[in-house]
Amino acid sequence: MKHPSDMAVSPLRTQAADALRRARKLPVGPDRNDLRQLAVGLRFLDKKRLKANVGDRSAASPEMK
């Protein structure tokens with residue numbers, strides 16, 4: 001059985017974690033919020049990419065087939 005800690009971390013998830021670390025160092029304000037929103041967006045893209053890879057291939061565009 002594979003554990004989440006055994007799987008390789010995607011570059012998008014690594015970049016999101018880095019953005020959150022940088023945001024924690026900033027005082028509360030718009031700069032901190034921007035970094036947090038960037039991290040949330042990167043995680044969203046990472047999840048969508050994983051779902052697209054696992055998803056049904058019949059839903060893929062004709063160019064991809």
Engineer: The criterion is salt bridge (Lys or Arg N to Asp or Glu O under 4.0 Å); which residues satisfy it with Asp34, sequence neighbours excluded?
Structural biologist: none
Engineer: Does Ser10 have any side-chain hydrogen bond (donor to acceptor under 3.5 Å, both in side chains) partners at least two apart in sequence or in another chain, and if so, which?
Structural biologist: Asp46
Engineer: Excluding sequence neighbours, so at least two apart, what forms side-chain contact (heavy atoms from CB on, under 4.5 Å) with Arg32?
Structural biologist: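 Testing Arg32 for side-chain contact (heavy atoms from CB on, under 4.5 Å), a comparison that skips the adjacent residues, returns Ala23, Leu26, Val28, Arg36.
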Engineer: Which heavy atom of Ala19 sits nearest a heavy atom of Leu38, and at what distance?
Structural biologist: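 Taking every non-hydrogen atom into account, CB-CD2, 4.2 Å.
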Engineer: Report the residues that fulfil side-chain contact (heavy atoms from CB on, under 4.5 Å) with Arg43, sequence neighbours left out, ordered by chain and then residue number.
Structural biologist: Arg13, Ala16, Lys47
